[in-house]
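So the structure is just underneath, and the comments pick up after that.
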Amino acid sequence: MINILHDKDADTAALSGKTIAVIGYGNQGSAQALCLRDSGIKVIIGETETLGGKTNPSWTKAKEAGFETCDISTAASKADVVHMLLPDEHHGRIYSDHIAKHMGKGKTLSCSHGFNIVFKRIVPPADADVIMVAPKSPATEERKAYLEGFGVPGLVAVRQNASGKARDVVLAMAKAMRFTRAGVLECTFEQETYEDLFGEQNVLCGGMVDLMKYGFEVLTEAGYPPEMAYFEVVHEVKLIVDLIFEGGIQKMNSVISNTAEWGEYVNGPKIIDASVKERMKQSLKDIESGAFAKAWMEEAKQGCPNLLARRKALGEHPVEITGARVRSLFEKKK
Ligand code: NAI
Ligand code: MG
């Protein structure tokens, strides 16, 4: 059984007198920096003042939130813990240009996703500590849970423990962000990275999005009204997932009709059949071998032409156009 840790297993004292530089004040960066600061930890922000020739809105947001905000290299030089929360495809370059020269004995390199360490796009010096603390949640939910006095679950991992204190520090960060209130799983960088990529590619994002799109296409191509199709195969997904989140699949089945439950048993495995499982196994192999990471980094290096084309095409898909219209019709009147 994997080790699950709670508040009593962690002590924020491991961070007393230490400064954490949060590098990148985006989704995770802003949520994590605010939670750490509210828990009494000294946080500074490392950001780029301009991005693509314009003022970087994240720079402005960090300043407005009252953080000491400096360029990435300065922040890395001032901090004990350098917590990298940039988009993963930029970590390698930014680490080598601005952070590497400040890494060494007494320093900790931290992240919320092991991608760049596991796939060796960042190779920290052996005398530095290397840790990961990751929320199992989008940033908005993470901050909301913190403000409500609870927290979202998280993962922690120690990759290098040169100081002998790396585990204390990573648990202190998890506690300061209240992940230990919900519970934190102690894992390896590989487990987090491979599972995260597998989940998002096969079930959560890839997988579910295609299921919804096919469902919508089949209904509308058969002449059913798109608004009804949208409600049926997109909108209601949340209601079903909320029930599973609350009490598992059986709880969901106990709330839906017997007709729906019977349909699930007899038709579900015909739609998502054993061939899907075989392809999922191949996907896991491609993730573990580094083949996925290699192809994605090549795409990123070229400026993401295919990603941008896919993003544009999705915006033109009827499920998105119908969705925007339906949501605006049913919006709460303020
Ligand atoms: P993000 O997309 O919000 O970006 C963070 C910041 O990076 C931006 O605000 C921007 O100031 C800066 N940035 C963007 N492009 C840049 C460039 N070309 N050069 C320099 N700076 C640039 O990032 P997000 O989604 O918060 O992800 C940060 C880390 O957290 C990643 O390692 C990700 O895997 C991890 N993570 C993210 C989760 C999420 O819910 N978004 C959940 C768990 C982990
Ligand atoms: Mg994920």
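First listed ligand is number 1; within each ligand, the first listed atom is number 1.
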Original post:
In ligand 1, which numbered atoms sit nearer than 4.0 Å to a non-hydrogen atom of Asn56?
Top reply: 11 (O)
Subject >> Per atom 33 (C) of ligand 1, closest listed option by heavy atom (Ile94, Thr193, Asp88) >> reply: Asp88
Original post:
Short list, please: which atoms of ligand 1 are under 4.0 Å from a heavy atom of Pro138?
Top reply: 40 (O)
Subject >> Residues Arg327, Glu331: salt bridge by 4.0 Å N-O rule >> reply: no
**OP:** Hey, can you tell me if Tyr194 and Phe119 have their rings parallel, tilted or perpendicular (30° and 60° cut-offs)?
**Re:** tilted
Original post:
Tell me, do Pro124 and Tyr95 make a side-chain contact under 4.5 Å, heavy atoms counted?
Top reply: yes
Original post:
Which part of Met84 is near ligand 1, with near meaning a heavy atom under 4.0 Å away: side chain, backbone, both or neither?
Top reply: neither
Original post:
Taking only heavy atoms of Tyr25, which atoms of ligand 1 are found under 4.0 Å from at least one of them?
Top reply: 9 (O)
Subject >> Ring centre gap for Phe330 and Phe231 strictly below 6.0 Å >> reply: yes
Subject >> Charged N-O contact under 4.0 Å between Lys105 and Asp129 >> reply: no
Original post:
Would Val233 and Leu219 satisfy side chain to side chain contact (heavy atoms under 4.5 Å, CB included), going step by step from the backbone distance to the final call?
Top reply: CA-CA 9 Å; Val233 302; Leu219 283 173; 4.1 Å; yes
Original post:
Cys111 near ligand 1, heavy-atom distance under 4.0 Å?
Top reply: no
Subject >> Element-labelled atoms of ligand 1 that are located less than 4.0 Å from some non-hydrogen atom of Pro87 >> reply: 2 (O), 4 (O), 5 (C), 7 (O), 13 (N), 14 (C)
Subject >> Per-atom contacts of ligand 1 with Ser58, taking only distances under 4.0 Å to non-hydrogen atoms >> reply: 8 (C), 9 (O), 10 (C), 11 (O)
